[in-house]
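To keep things clear, I will list the structure first and then write my remarks on it.
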Amino acid sequence: QVQLVESGGGLVQAGNSLRLSCAASGRTFSSYAMGWFRQAPGKEREFVAAISSSGATTYLPDSVKGRFAISRDNAKSTVYLQMNSLSPEDTAVYYCAKGRGSLVLAGAQEARMYDYWGQGTQVTVSS
C-alpha cells in the first residue's frame, strides 16, 4: 500500500512560478519512477512529467518542456514539480503518481503505467 499526498497548489498570476510537492509513504520510494499528470474541467487527463527512480532520467512533453522541471529527493521520499512562466492554460488539478517500475519507459505518458495516485492539488493561474 502506497500513499501519495500532493501539496503546493494555489492561485498564482500568469508569468509567475509555483512548486508542487508529492510526499510518498514507505521506505521503497527510491525504487520507483514517479510522474505528474493534470486534468482541467472538460479536458482529458494530460501527462506532465516523469522521473526515473534515481532521478537520472526525466521526460516532459513539449507543452511544458522548458517551463516545468521534475525532481526528487529520495531521502525525503518526495517528488517535486517546478512550474515557471505559468499561463491560464496550466490551470488544472495536478496529480502525482507512482510508476510500476524504476525506469522512464516508452509509454510513460500513459496513465496505465502508474499504479498509485494522489488526490491532487488545484493550480489556478489568473490572466
Residue set satisfying side chain to side chain donor-acceptor pair (under 3.5 Å) with Gln39, at least two apart, ordered chain then number -> none

Hey, is the main chain of Val2 close enough, under 3.5 Å, to the side chain of Ser25 for a donor-acceptor pair? no

Could you walk me through whether Val12 and Met83 pass the side chain to side chain contact (heavy atoms under 4.5 Å, CB included) check? CA-CA 11 Å; Val12 64; Met83 304 184 294; over 6 Å; no

Out of curiosity, Leu103 CG to Ser52 OG, how far, rounded to the nearest 0.5 Å? 7.0 Å

Let me have the donor-acceptor pairs involving side chains of residues 63-70, under 3.5 Å, with sequence neighbours excluded, atom names and distances please.
from  : atom 1 : to    : atom 2 : distance (Å)
Lys65 : NZ     : Asp62 : OD1    : 3.1
Arg67 : NH1    : Ser85 : O      : 3.1
Arg67 : NH1    : Asp90 : OD2    : 2.8
Arg67 : NH2    : Ser63 : O      : 3.2
Arg67 : NH2    : Asp90 : OD1    : 3.0

Of all the heavy-atom pairs spanning Ala49 and Leu81, show the shortest one and how long it is. CB-CD1, 4.2 Å

Any idea which heavy atoms bring Asn74 and Ser54 closest together, and the distance? ND2-CA, 4.4 Å

Looking only at atom types and distance, does a side-chain atom of Gln119 sit under 3.5 Å from a main-chain N or O of Glu6, one as donor and one as acceptor? no

If you look at every heavy atom in Gln82 and Ser17, which pair is closest and at what distance? NE2-CB, 3.9 Å

Starting from Val5, walk the hydrophobic network (Ile, Leu, Val, Met, Phe, Trp, Tyr; side-chain heavy atoms closer than 4.5 Å) and list everyone else you reach, by chain and number. none

Nearest-0.5 Å distance that lies between atom OG in Ser71 and atom CE in Met34: 12.0 Å

Listed by chain and number, what are the ring pair (Phe, Tyr, Trp, His ring centres under 6.0 Å) partners of Tyr59, not counting sequence neighbours? Phe47

Would you check if the side chain of Arg38 reaches a backbone N or O of Val123 as a donor-acceptor pair within less than 3.5 Å? no

Residue pair Ser77 / Phe29: nearest heavy atoms and the distance that separates them: CA-CD2, 3.4 Å

Does Phe37 belong to the same Ile/Leu/Val/Met/Phe/Trp/Tyr cluster as Val93, with side-chain heavy atoms less than 4.5 Å apart forming each link? yes

When clusters are formed by joining ILVMFWY residues with side-chain heavy atoms under 4.5 Å apart, either directly or through shared neighbours, do Leu60 and Val79 land in the same one? yes

Worked verdict on Val125 versus Thr91 for side chain to side chain contact (heavy atoms under 4.5 Å, CB included): CA-CA 5 Å; Val125 184; Thr91 295; 3.8 Å; yes

Nearest heavy-atom contact between Thr57 and Val104 is O-CG2, 3.9 Å

Can you list every side-chain hydrogen bond (donor to acceptor under 3.5 Å, both in side chains) pair that touches residues 95-114, not counting sequence neighbours? Lys98-Asp115, Glu110-Arg112

Grouping I, L, V, M, F, W and Y whenever their side-chain heavy atoms are under 4.5 Å apart, do Tyr116 and Ile51 come out in a common cluster? yes

Do the side chains of Tyr94 and Leu4 join up, straight or via other hydrophobic residues, at under 4.5 Å, putting them in one cluster? yes

Begin from the C-alpha positions of Tyr32 and Ser53 and carry the test side chain to side chain contact (heavy atoms under 4.5 Å, CB included) through to its verdict. CA-CA 5 Å; Tyr32 299 102; Ser53 60; 5.5 Å; no

Would Trp36 end up clustered with Leu86 when hydrophobic side chains under 4.5 Å apart are linked, directly or stepwise? yes

For Ser126 and Pro88, the nearest pair of non-hydrogen atoms, with its separation, is C-CG, 4.4 Å

Give me each pair satisfying disulfide (SG to SG under 2.5 Å) with a member in residues 69-109, each pair once, sequence neighbours excluded. Cys22-Cys96

